[in-house]
Amino acid sequence: MCGRYTIRRADVGAAALRALNLPLFEEFTELKIVPRFNIAPSQNAPVIRPNAAGKPAAGEVRWGLIPSWTKGKPKMQPINARAENVATSAMFRQALERRRCLVPADGFYEWHGSKPPKQPYFIRRKDDGLFMFAGLWERWKPDDDAEPIDTFTLITTTPNELMKPIHNRMPVILSPEDYEKWLDRTAGAEEAIQLLRPYAAEEMEAWPISTRVNRVGNDGPELLEKI
DNA sequence: CCAGACGTTGTT
DNA sequence: GTCTGG
DNA sequence: CCAGACGTTGTT
DNA sequence: GTCTGG
């Protein structure tokens, strides 16, 4: 699940975050965003994470987590992490403690059905506002003297009432009042996992769309048209 | 102790 | 790196 | 998540 | 069928 999402407006970054009037975002770095209708795994996407000073900063990071201890060619690059397992899994535990991030999105896709052709749906806020997915990131160096590569994964949880008919999982969408705590590196894993719950269904809407979205290279507004 | 795995999704 | 299995 | 490749030899 | 790439 959650193997595709959108960032359709360039104002999704700094302006939207400052509008929340959260202290953490007062000095937020301007987030340069190229609108996209089809963000897929293994591509770079903007994420928001604390910089060295603890202030949130934004930059492009590759979707698909490569743990820092990976030797040689990465074998596993999970694009999702189950909220039920992040606290105990050897792969996610450290990232949950120290490397949490926000992944901005203004919509995502989900495929309904057991065998192809599956019916894709587009899901967004009713007010077409901003989502922040809960993410974890890692820094990996292919070799000792190579440039580090940053990657991230999206945390998933059980579906809310809107998503249940479509799928058995959904991405963790954080409430604005939880953004700070999720990024706060002084908050521990125990506090962090409290925030990992299904988002309010009444604030979301979904509709069926064309299977044109299946092709990663398709990246236009027509992907969101109701069918 | 060392060796080997470490994940999710969906599909069967 | 850290946990599990042998 | 879905789509598309899945190989070797030899040459640059 | 299974892996890789987007």
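Naming convention: chains lettered A, B, ... in sequence-line order (proteins, then strands); numbering from 1 in each chain. This structure is a prediction, so every number in the text was calculated from the model and none was measured.
- Among the nucleotides B/dT8, D/dG4, D/dC2, the one closest to any side-chain atom of A/Asn214 is D/dC2.
- Nucleic acid contact for A/Gly64: none, since no nucleic acid atom lies under 4.0 Å from a heavy atom of the residue.
- The side chain of A/Arg62 contributes no N or O atom lying less than 4.0 Å from OP1 or OP2 of E/dG6.
- D/dG7 makes up no base pair with any nucleotide shown, lacking Watson-Crick or G-U wobble contacts both under 3.5 Å.
- Atom CZ of A/Arg215 has 12 or fewer heavy atoms from other residues, nucleotides or ligands within 6.0 Å.
- Of the side-chain N and O atoms in A/Arg4, none sit less than 4.0 angstrom from OP1 or OP2 of E/dG6.
- Within the structure, side-chain hydrogen bond (donor to acceptor under 3.5 Å, both in side chains) pairs that include any residue of residues 189-201 of chain A comprise A/Arg125-A/Tyr199, A/Asp178-A/Arg197, A/Lys181-A/Glu191, A/Tyr199-A/Glu203 (at least two apart or interchain).
- At least one side-chain nitrogen or oxygen of A/Ser89 sits closer than 4.0 Å to the OP1 or OP2 atom of B/dG7.
- Side-chain N/O atoms of A/Arg169 include one lying less than 4.0 angstrom from OP1 or OP2 on B/dT9.
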Can A/Thr156 and A/Arg169 be said to form a side-chain hydrogen bond (donor to acceptor under 3.5 Å, both in side chains), step by step?
CA-CA 6 Å; A/Thr156 68; A/Arg169 304 291 295 172; 3.1 Å; yes
Between the protein and nucleotides 1-3 of chain C, are there any N/O to N/O pairs under 3.5 Å, and if so, what are the atom names and distances?
unit_1: C/dC3; atom_1: OP1; unit_2: A/Arg93; atom_2: NH1; d: 2.3

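- Distances were taken from every side-chain heavy atom of A/Trp111 (C-beta onward) to each of B/dT8, D/dC1, B/dT9; the shortest belongs to D/dC1.
- Of the P atoms belonging to D/dT9 and B/dC1, the separation is 45 Å, rounded to the nearest Å.
- Applying the 4.0 Å criterion to OP1 and OP2 of B/dT11, one finds that A/Lys115 has every side-chain N and O outside that range.
- Among D/dC2, B/dT9, E/dG6, the nucleotide with an atom closest to any side-chain atom of A/Gln43 is E/dG6.
- Under 3.5 Å, the side chains of A/Asn44 and A/Trp63 contain no donor-acceptor pair of N or O atoms.
- For E/dG6, neither phosphate oxygen OP1 nor OP2 lies less than 4.0 angstrom from any side-chain nitrogen or oxygen of A/Asn38.
- With a 6.0 Å radius and a threshold of 12 heavy atoms from other residues, nucleotides or ligands, A/Glu202 has its CD atom above the threshold.
- A cation-pi contact, defined as under 6.0 Å to the ring centre and within 45° of the axis, is absent between A/Arg100 and A/Trp137.
- Looking at heavy-atom distances under 4.0 Å, A/Ser42 makes contact with a base.
- Here A/Lys118 lies in heavy-atom contact (under 4.0 Å) with sugar-phosphate atoms only.
- Out of B/dT8, D/dC2, D/dC1, the shortest distance to the side chain of A/Asn85 is found at B/dT8.
- Base-pair partner of B/dC2: C/dG5 (Watson-Crick or G-U wobble, both distances under 3.5 Å).
- Expressed to the nearest 0.5 Å, how far CZ of A/Phe131 lies from CZ of A/Arg124 amounts to 9.5 Å.
- In this structure, the ring of A/Phe108 has its center no less than 6.0 angstrom from the ring center of A/Phe122.
- With both ends at atom C1', the span from E/dT2 to B/dT12 equals 15 Å, rounded to whole Å.
- B/dC6 and D/dG4 have their P atoms separated by 30 Å, with the value rounded to a whole Å.
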